[in-house]
Amino acid sequence: MTEQKIKRHFIQRIIDEDNLTGKFDNKVLTRFPPEPNGYLHIGHAKAICVDFGIAEEYGGQCNLRFDDTNPTAEEEEYVNAIKEDVKWLGYHWDNLCFASDYFQQMYDYAVQLIKQGDAYICDLTADEIRNTRGSLKEPGNESPYRNRSDDKNLDLFNRMAKGEFPDGSRTLRAKIDMTHPNLNMRDPVMYRIMHAVHHNTGNTWCIYPMYDWAHGLEDSIEGITHSLCSLEFEDHRPLYDWFLDRLDVFHPQQIEFARLNLSYTVLSKRKLKKLVDGDVVNGWDDPRMPTLSGMRRRGFTPESIRKFMDEVGVAKRDNVMEITKLESILRHDLNKRSQRRMAVLNPLKVIITNYPKGQIEELKAVNNPENDKAGTRQIPFSKEIYIEKDDFMEDPPKKFFRLAPGREVRLRYAYFIQCTKVIKDDDGNVVELHCTYDPETKGGSAPDGRKVKATLHWVSAEKAIHAEVRLYDRLFAKPKPDSEENFLDVLNPDSLKILENCKCEPSLQNVGIGEQIQFERLGYFCKDPDSSNDHLIFNRTVPLRDTWAKIEKQIN
RNA sequence: UGGGGCGUCGUCUAAGGGUAGGACACCUGGUUUUGGUCCAGGCAGUUGGGGUUCGAAUCCCUGCGCCCCAGCCA
């Protein structure tokens, strides 16, 4: 407990200090400010956890604010998806805000700056502005329109807003310093002309504010105390401060922290959109996507994502979290909450030769060994069953404990069986096994105390229900796809494997969509929303840790 | 290169002048009717060089390396 108190990250320390000095009257008001131009991904989840988490911790508030200043990129669909994802993560915004609600006020502030001589209308084209901005080494040159009279600027700005000029013909620029070593301070554009329909304001405006101009105002208007954002905006903070100082309005404190990176994945909306638009995946909510909607469909719990963020930490250094860490936390969470079921993904028929034909026995199985309250259920057992193809080897290596000719293993919750005969097709593939069972071992233990080295999952052939199972793997084959010349070159060709012929125990018919289930010895799965009553589809969220696979790898 | 930022086990992250700790990964072993879980143990780190100090990951100086910025994107 005290240990938790001691481990304060740098943002908490800054706020602690502010509260000590009374900088913001001990108030904490943060905001999560997404642009509605795509779906939220796990990188955003870090920002959400920091923004909402800080507010929660200090008894403050957090706004959800859509930074909708560019109508050509933004859509209502994204607004709705973002709201849903934030709620799913378990956070509740205190105010729902839109930058577009402040357009008039921003306009008025712009007029103020023009009157103060701090902004001017520039007739340069985008190319010309770029060419006069200078470079990292060279200072820029002043625009020939820089010294227009305030009246002329006011008139032109007014007419810009009225729609008298075509797109791109003029901008409003801050009059700062074209030789400033920080490129952002070289007379940045505040407004551009865009005759575009805005999802929120419709046709009301044909000039739209730029991020640098708008964002600080949004924070100031809402009374945000600590404006938390990612590292790339550090260079913008002086400009943010400059605008607020010139306007002499409430001045939030911007604090920057490192964004999350994840190995074997990409976390940029641009690249994710490319995967969607290029049909590399099946939409934003494809279970392979690092989007929150994709992860939700895959079977992630919001708790596991939040726990992950706790462990990720908050700091300023660049980082790449290993995806194994996420998976580890996921498994830990799923292990505690998931009911166990049996399903066979790659079925191999087994006939128990000495079991009475036509007999069905109901056997008791534990629903969750981690949670007694989950209770038990009955599973049907019969003469013909399916086991996993991988659980039999005709000529097993030393460390393979599972079924082999002449060997005895346990069927989970059922009987010991011994393999007596291997049936093959003309090509030599094993297609069926004959086994005998020991009636004395009902439930899975032998009265004479003899042991077996393996326990297999199985499904009654007579009572099995059919399902499609989708096995997902990481989308990329290289740990840092962002560092590749083209991230699309390192896609993992096996990121999705569809198994059409899977056999499930009957109780699986009734699971709800998204309900997390452990298929014993295989992994965690959940029913996909594409399922129908006569066509079950299960997504594999994450496999169980597989020690045998590791040993197998060492052998080869 | 001008400006801004950052360097602690393989990967994240603590230690803010006083024993470099934790998690994941990896390796052992134990328990086990899931080769799961759980438990125990192990491996492994302060970017280099100076300085201040009884004592430096921490403070100072100086190298080196990495990231961001030249959209009318955010």
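FYI, side chains are in, hydrogens and waters are out, and symmetry mates aren't considered; it's all heavy atoms of this structure. In what follows, chains carry the letters A, B, and so on, assigned in the order in which the sequence lines appear, proteins first and then strands, with residues in each chain numbered from 1.
At a threshold of 4.0 angstrom between heavy atoms, the contacts of Ala258(A) with the nucleic acid are absent. Phe400(A) comes within contact range of at least one nucleobase, with a heavy-atom separation under 4.0 Å. Using a 4.0 Å heavy-atom cutoff across all strands shown, Arg331(A) reaches no nucleic acid atom at all. Residue Ile329(A) is out of contact with every strand shown, counting any heavy-atom pair closer than 4.0 Å. Across all strands, Glu128(A) comes closer than 4.0 Å to no nucleic acid atom at all (heavy-atom distances). Residue contacts for Gln518(A): at a heavy-atom cut-off of 4.0 Å it reaches a base atom on one of the strands shown. Across all strands shown, Ser445(A) has heavy atoms under 4.0 Å from base atoms, whether or not it also approaches the sugar-phosphate. Residue contacts for Glu520(A): at a heavy-atom cut-off of 4.0 Å it reaches a base atom on one of the strands shown. Among the heavy atoms of the strands lying under 4.0 Å from Val320(A) are primed sugar atoms or P, OP1, OP2 only; no base atom is included.
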Return one dot-bracket line describing RNA chain B 5' to 3' (Watson-Crick or G-U wobble pairs, both distances under 3.5 Å; ( ) same strand, [ ] crossing, | another strand, . none). .((((((..((((....[..)))).(((((.......)))))....(((((..]....))))))))))).....
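Residues passing the side chain to side chain donor-acceptor pair (under 3.5 Å) test with Arg450(A) are Glu408(A), Asp438(A), Asp448(A), sequence neighbours excluded. Taking Glu552(A) as the reference, nothing meets the salt bridge (charged side-chain N to carboxylate O under 4.0 Å, His left out) condition, with sequence neighbours excluded. Take Glu75(A) and apply the salt bridge (charged side-chain N to carboxylate O under 4.0 Å, His left out) test, not counting sequence neighbours, and it matches no residue. By the side chain to side chain contact (heavy atoms under 4.5 Å, CB included) test, Lys480(A) pairs with Val320(A), Ser483(A), sequence neighbours left out. Residues passing the salt bridge (charged side-chain N to carboxylate O under 4.0 Å, His left out) test with Arg237(A) are Glu256(A), sequence neighbours excluded. In this structure, Arg474(A) has no side chain to side chain donor-acceptor pair (under 3.5 Å) partners at least two apart in sequence or on a different chain. With sequence neighbours excluded, the residues satisfying side chain to side chain contact (heavy atoms under 4.5 Å, CB included) with Arg159(A) are Asp155(A), Leu156(A), Glu164(A), Phe165(A).
Shown for residues 369-376 of chain A: residues whose heavy atoms fall under 4.0 angstrom of RNA chain B, namely Pro369(A), Glu370(A).
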Table of protein N/O atoms under 3.5 Å from nucleotides 72-74 of chain B N/O atoms:
| from | atom 1 | to | atom 2 | distance (Å) |
| --- | --- | --- | --- | --- |
| C72(B) | OP1 | Arg133(A) | NH2 | 3.4 |
| C72(B) | OP2 | Arg133(A) | NH1 | 3.2 |
| C72(B) | N3 | Gly168(A) | O | 3.3 |
| C72(B) | N4 | Leu124(A) | O | 2.7 |
| C72(B) | N4 | Ala126(A) | N | 3.1 |
| C72(B) | N4 | Gly168(A) | O | 3.0 |
| C73(B) | OP2 | Arg192(A) | NE | 3.1 |
| C73(B) | OP2 | Arg192(A) | NH2 | 2.8 |
| C73(B) | O3' | Arg192(A) | NH2 | 3.1 |
| C73(B) | O2' | Asn70(A) | ND2 | 3.2 |
| A74(B) | OP1 | Thr69(A) | OG1 | 2.8 |
| A74(B) | OP1 | Arg192(A) | NH1 | 3.3 |
| A74(B) | OP1 | Arg192(A) | NH2 | 2.9 |
| A74(B) | OP2 | Tyr211(A) | N | 3.0 |
| A74(B) | O3' | Asp67(A) | OD2 | 3.1 |

Check: protein-nucleotides 63-67 of chain B nitrogen or oxygen pairs below 3.5 Å:
| from | atom 1 | to | atom 2 | distance (Å) |
| --- | --- | --- | --- | --- |
| C67(B) | O4' | Asp318(A) | OD2 | 3.2 |
| C67(B) | O2' | Asp318(A) | OD2 | 3.3 |

Considering only nitrogen or oxygen atoms on both sides, find all protein atoms under 3.5 Å from nucleotides 41-48 of chain B and state each distance.
none

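Taking the side chain of Asn319(A) as heavy atoms from C-beta on, and the options C69(B), G3(B), U13(B), the nearest nucleotide is U13(B). You'll find that the side chain of Lys316(A) is closest to C6(B), out of G35(B), A25(B), C6(B).
Contact check, Arg317(A) against G7(B): a side-chain N or O comes under 4.0 Å of OP1 or OP2. Using a 4.0 Å cut-off, some side-chain N or O of Lys550(A) falls inside it from OP1 or OP2 of C26(B). Checking the phosphate oxygens (OP1, OP2) of A25(B), a side-chain nitrogen or oxygen of Arg545(A) falls inside 4.0 Å. The phosphate of U1(B) has neither OP1 nor OP2 within less than 4.0 Å of any side-chain N or O from Ser135(A).
Annotation: cation-pi pair Lys478(A)/Tyr264(A) absent, no NZ/CZ under 6.0 Å from the ring centroid and within 45° of its normal.
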